[in-house]
Amino acid sequence: GAADIGVTGLAVMGANLARNFARHGYTVALHNRSRARTDQLVAEHGDEGAFVATETLAELVQSLAVPRRVLIMVKAGAPVDAVIDQLVPLLDEGDIVIDAGNSHYEDTRRREAALAEKGLHFVGVGVSGGEEGALHGPAIMPGGPEKSYEALGPMLEKISAQFEGEPCCAWVGTDGAGHYVKMVHNGIEYADMQVIGEAYDLLRRVGGLEPAEQAEVFTAWNQTDLASYLIEITAEVLAQVDAATGRPLVDVIVDEAGQKGTGRWTAISGLDVGSPVAAIAESVFARSLSSQRAVREAARETLAAGVDEEAQRAPQDTDAFVEDVRQALFASKLVAYAQGMDMLAAAAEEYGWSLDLGTIASLWRDGCIIRADLLDVIMQAFGGRDTSRHPAPGTRAPGQPLNLLFAPEFAQAIAEALPAWRRVVGTAVAAGVPVPVFSSALAYYDGLRADRLPAALVQGQRDYFGAHTYLRVDREGSFHTLWSGDRTEVDGEGVPV
Ligand code: NDP
């Protein structure tokens, strides 16, 4: 065989990735469960490069140069296992099976272990950028055995987005690390979209700005440190007028946000690894709440507003309010990124991955949905991009901040945004405009920097009903108060102190 790579699963994502490889000079063998998609791809785009259409997986495998690279781009879940089961008997030791779909990282860990036993490399790859990205250059987050990257990495780096000459692709870590990093990307994406939504809601309901006016605000914001793909498309969505009604399109779209699961996975994993990704979780909950149509309808009839009419009135100085909201948005967004990076560090510890946070941030600078000027700054805060820097499994690379917010430029930026951030959250609360991520991000910030947390009281309660013991600020060891007895204190062994 002579083809450089085989792609099986030629729906929109697989077809576009296959075309991307071919446009970069690779010979691409094509396969799809039902032949029609293969034929359609060759008929419509066969002139874009060298394609080899195949009918069966056996034919696909035969057409490939060794070591064989087979990229699976089928529906996530059971279909991936079905394809793997058919592929494995056809492959030889050293061949590489790539799953570039949105698989759950635990599935990837399981599949990697199973294929490793057969001498095969299984590489779970996170791909972000939607259909357009897949065709023109996505952000690519490959995991799997590091060795496999020698034969696969250069091809992926060719077809990925390029940021100032650097590919938005680098090996991120073993087994499920690639899919994990992609999942966290999506979690951050949820939060990023939600904070933009909260800013829009405030500008509309408190600031009195119509969608068309806001389109101009967001366009202007795109020239600030908020500059990003999501801010850019927000301006376009807000400027769109519905042809049928002449109303702003955003006003005729049903206010229920859908979700396909990666945000939920991120929130669940945050809980699992003990990382407080509250802003990300709140953005998932905000979508869930939006979808509770019947409950919301009943609530509108049943529940009081109790708002401060003063706060609801349009601010005297609209420009100042707009700037306050911009700063609150920026600070909240930074917190969401800080939480995402924190959970990556926690997951590295949990799963024994060697994750370099600087290099990971570098992958998100272009090609993916959260691409933003800010990501270059975040990358710098974690010591820049260095694809050869592999911290010991479960540890941070030396010199990287314990929390993104500690990077001097970000600590400074937040300090400057804080007065506006607090004003905006206060106004939102008084006016009855829900800002779950603005407010949760601020609570996270205040929680991190608090001298004393009420966790001390919680420990007291836990000791009261469950004898869970507590530590003391002034002595070593653990202690318990005899709550149902004479309320004296004993040490961990039950000996009076
Ligand atoms: P779909 O998720 O809609 O999957 C359709 C493809 O899967 C078809 O090729 C179909 O074959 C194949 N398939 C389904 N079941 C089986 C099976 N049991 N055995 C063999 N093949 C099967 O395609 P997309 O292109 O939208 O997405 C592919 C992957 O990429 C998914 O994991 C998705 O989450 C991920 N992804 C998608 C993005 C997007 O923007 N759409 C962005 C990033 C990732 P057939 O034609 O025969 O039915």
Side-chain angles (χ1 to χ4, degrees), residues 6-21 28-45 53-61 70-90 97-108 111 122-143 156 159-161 168-169 176 178-190 193 229-230 233 258-266 363-364 366-371:
V7 178
T8 180
L10 300 174
V12 58
M13 290 297 290
N16 282 0
L17 280 179
R19 291 170 61 195
N20 191 348
F21 280 118
V28 185
L30 303 172
H31 174 264
N32 193 69
R33 177 177 61 177
S34 49
R35 175 73 194 233
R37 287 192 201 271
T38 312
D39 291 339
Q40 190 190 348
L41 177 51
V42 172
E44 288 174 8
H45 305 288
T54 69
E55 181 83 37
T56 62
L57 278 175
E59 229 184 282
L60 180 81
V61 167
V70 184
L71 187 145
I72 304 172
M73 204 55 172
V74 301
K75 209 173 176 57
V80 176
D81 287 311
V83 173
I84 290 173
D85 289 347
Q86 296 166 54
L87 261 180
V88 164
L90 305 168
V97 177
I98 305 134
D99 171 19
N102 270 337
S103 293
H104 192 275
Y105 66 96
E106 291 283 16
D107 286 335
T108 304
R111 291 165 183 152
F122 183 75
V123 183
V125 177
V127 177
S128 175
E131 299 173 27
E132 285 298 300
L135 183 59
H136 300 292
I140 305 183
M141 294 146 262
L156 297 179
I159 68 154
S160 75
C168 294
C169 173
H179 278 133
Y180 195 91
V181 169
K182 165 72 200 302
M183 177 193 79
V184 172
H185 162 286
N186 283 29
I188 293 172
E189 172 187 313
Y190 271 57
M193 293 169 75
Y229 171 73
L230 283 170
I233 68 166
Q259 45 180 318
K260 294 212 304 206
T262 45
R264 180 168 52 87
W265 290 350
T266 314
L363 307 183
W364 297 339
D366 208 351
C368 62
I369 305 301
I370 65 171
R371 61 186 183 261

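Heavy-atom basis, side chains included; hydrogens, waters and symmetry copies ignored. Ligands are counted one by one from 1 in listed order, and the atoms in each one are counted from 1 as well.
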Quick test: of every protein heavy atom, which one is nearest to atom 17 (C) of ligand 1, and how far off is it to 0.1 Å? Arg33 NH1, 3.2 Å
Using heavy atoms and a threshold below 4.0 Å, how should the contact between Val127 and ligand 1 be classified: side chain, backbone, both, or neither? backbone
Side chain proximity check, Val88 to Val97, heavy atoms < 4.5 angstrom: no
Nearest non-hydrogen protein atom, atom 9 (O) of ligand 1: Asn32 OD1, 2.8 Å
Looking at His31, Lys75, Lys260, the heavy atom closest to atom 2 (O) of ligand 1 belongs to Lys75
Measure Met13 to ligand 1 on non-hydrogen atoms and call it side chain, backbone, both or neither using the 4.0 Å cut-off. both
CG of Asn102 to NZ of Lys75: how many Å apart, nearest 0.5 Å? 11.0 Å
Protein residue, atom and distance nearest to atom 40 (O) of ligand 1, heavy-atom basis: Gly130 CA, 3.5 Å
Note the single closest protein heavy atom to atom 31 (C) of ligand 1, along with its residue, its atom name and the distance in Å. Val74 O, 3.8 Å
Leu363 side, atom CG; Met141 side, atom CE - distance, nearest 0.5 Å: 7.0 Å
When Ile72 is tested against each of Leu87, Ile98, Val125 for side-chain contact (heavy atoms from CB on, under 4.5 Å), which residue passes? Leu87
Do the side chain of Asp366 and the main chain of Ala161 share a donor and acceptor less than 3.5 angstrom apart? no
Starting from atom 26 (O) of ligand 1, locate the nearest protein heavy atom and write down its residue, its atom name and how far away it is, to 0.1 Å. Val12 CG1, 3.8 Å
Should you measure from each heavy atom of Gly9, which atoms of ligand 1 turn up under 4.0 Å away? 9 (O)
Can you check whether a protein heavy atom sits less than 4.0 angstrom from atom 15 (N) of ligand 1? yes
Euclidean distance, Leu10 CG relative to Met73 CE, rounded to 0.5 Å: 11.0 Å
With heavy atoms and a 4.0 Å threshold, my read on which part of Leu10 contacts ligand 1 is backbone
Under 3.5 Å, N or O to N or O, is Met73 touching ligand 1 that way? no
Within the structure, does Lys182 bring an N/O atom to less than 3.5 angstrom of an N/O atom in ligand 1? no
Atom 8 (C) of ligand 1 has as its nearest protein heavy atom Arg37 NE, 3.8 Å
Tell me, which protein residue and heavy-atom name are nearest atom 32 (O) of ligand 1, and how many Å apart are they? Asn102 N, 2.9 Å
May I ask you to identify the nearest protein heavy atom to atom 5 (C) of ligand 1, giving residue, atom name and distance to one decimal place in Å? Ala11 CB, 3.7 Å
Short side-chain to backbone donor-acceptor contact, Asn32 and Thr38, under 3.5 Å: no
Heavy-atom contacts with Pro79 under 4.0 Å: which atoms of ligand 1 show up? List them by number with element. 15 (N), 16 (C), 17 (C), 18 (N)
So between Ser34, Ala15, Gly14, whose heavy atom ends up nearest atom 45 (P) of ligand 1? Ser34
Could you check whether any side-chain N or O of Arg371 sits under 3.5 Å from a backbone N or O of Cys368, counting only pairs where one atom can act as donor and the other as acceptor? yes
Out of curiosity, Asn186 CG to Thr266 OG1, how far, rounded to the nearest 0.5 Å? 6.5 Å
Just by modelled atom types, is the Gly137 backbone N or O under 3.5 Å from a matching donor or acceptor in the Ser160 side chain? no
Taking atom types as modelled, find out whether Asp99 and Ser103 have a side-chain donor-acceptor pair closer than 3.5 angstrom. yes
